[in-house]
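A short worksheet on the structure shown next.
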Amino acid sequence: MIKVLLFAQLQEEIGKRSLQLEANEWTVKQVKEHLQQKYPHALFQAAMAAINEEYAFEEDIVKDGDTVAFLPPVSGG
């Protein structure tokens, strides 16, 4: 099981703070693609990811028991 944490706009768009995925080993990219298909109105492709509180790249592996967090881009002025 992979725990997914959602922040800011993603949390608002989906209406949840966290999700659970039945997966043993996916790349960050695969997790994003899966969530984008399930929630097409959310912008997962633009979000930054962190695995177990460390920033991650698209090709990094998310394993069973890991927590992956998605942080949408921030704009401001």
Side-chain angles (χ1 to χ4, degrees):
M1 181 94 52
I2 294 171
K3 183 174 184 177
V4 177
L5 300 178
L6 304 170
F7 293 92
Q9 182 181 349
L10 289 173
Q11 191 179 94
E12 292 174 18
E13 290 172 340
I14 293 175
K16 296 181 182 183
R17 292 180 186 211
S18 66
L19 305 166
Q20 300 284 335
L21 296 180
E22 294 284 338
N24 291 327
E25 191 171 293
W26 282 357
T27 64
V28 169
K29 183 177 180 177
Q30 288 173 311
V31 173
K32 282 183 174 183
E33 289 170 349
H34 173 79
L35 293 172
Q36 191 67 64
Q37 287 179 359
K38 191 168 182 174
Y39 304 100
H41 59 283
L43 296 175
F44 282 98
Q45 297 306 324
M48 293 192 64
I51 301 171
N52 300 326
E53 299 183 14
E54 292 191 25
Y55 284 107
F57 297 100
E58 296 272 307
E59 64 274 2
D60 288 344
I61 303 295
V62 184
K63 299 176 187 157
D64 184 34
D66 284 347
T67 298
V68 62
F70 289 107
L71 304 105
V74 178
S75 63

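As the structure is a computational prediction, the values presented were derived from the model and not from experiment.
- In terms of hydrophobic clustering, with Ile, Leu, Val, Met, Phe, Trp and Tyr side chains grouped at heavy-atom distances under 4.5 Å, Leu21 and Leu6 are assigned to a common cluster.
- Using a 4.5 Å heavy-atom cutoff, the side chains of Lys3 and Leu5 are in contact.
- Inter-residue side-chain proximity for Leu43 and Gln45 is flagged as unmet; no heavy-atom pair is nearer than 4.5 Å.
- The number of heavy atoms from other shown groups lying within 6.0 Å of CD (Glu53) does not exceed 12.
- For the atom pair CG of Asp66 and CD1 of Ile61, the computed distance is 10.0 Å after rounding to the nearest 0.5 Å.
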Give the C-alpha distance, both sets of side-chain angles, the deciding distance and a yes or no for side chain to side chain contact (heavy atoms under 4.5 Å, CB included) between Glu33 and Val31.
CA-CA 5 Å; Glu33 289 170 349; Val31 173; over 6 Å; no
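- Listed for the Gln36 side chain is a donor-acceptor partner under 3.5 Å among the backbone atoms of Ala42.
- Scanning both residues, Glu59 and Thr27, for their nearest heavy atoms gives O-CG2, 3.9 Å.
- The closest donor-acceptor contact from the side chain of Asn52 to the backbone of Thr67 lies under 3.5 Å.
- Between Pro73 and Ala46, the shortest heavy-atom distance links the atoms CD-O, 3.6 Å.
- Applying the side-chain hydrogen bond (donor to acceptor under 3.5 Å, both in side chains) test to every pair with at least one member in residues 5-17, sequence neighbours left out, gives these pairs: Gln9-Glu13.
- Residues Leu19 and Leu10 are members of one and the same hydrophobic cluster, defined by side-chain heavy-atom contacts under 4.5 angstrom among Ile, Leu, Val, Met, Phe, Trp and Tyr.
- Applying the ring pair (Phe, Tyr, Trp, His ring centres under 6.0 Å) test to residues at least two apart or on different chains, the pairs with a partner in residues 1-38 are Trp26-His34.
- Using a 4.5 Å cut-off between side-chain heavy atoms of Ile, Leu, Val, Met, Phe, Trp and Tyr, with links allowed through other members, Ile14 and Val68 fall into the same hydrophobic cluster.
- Sorted by first and then second residue, the ring pair (Phe, Tyr, Trp, His ring centres under 6.0 Å) pairs involving residues 46-71 (not counting sequence neighbours) are Phe44-Phe70.
- Other residues, nucleotides and ligands contribute at most 12 non-hydrogen atoms within 6.0 Å of the CD atom of Glu54.
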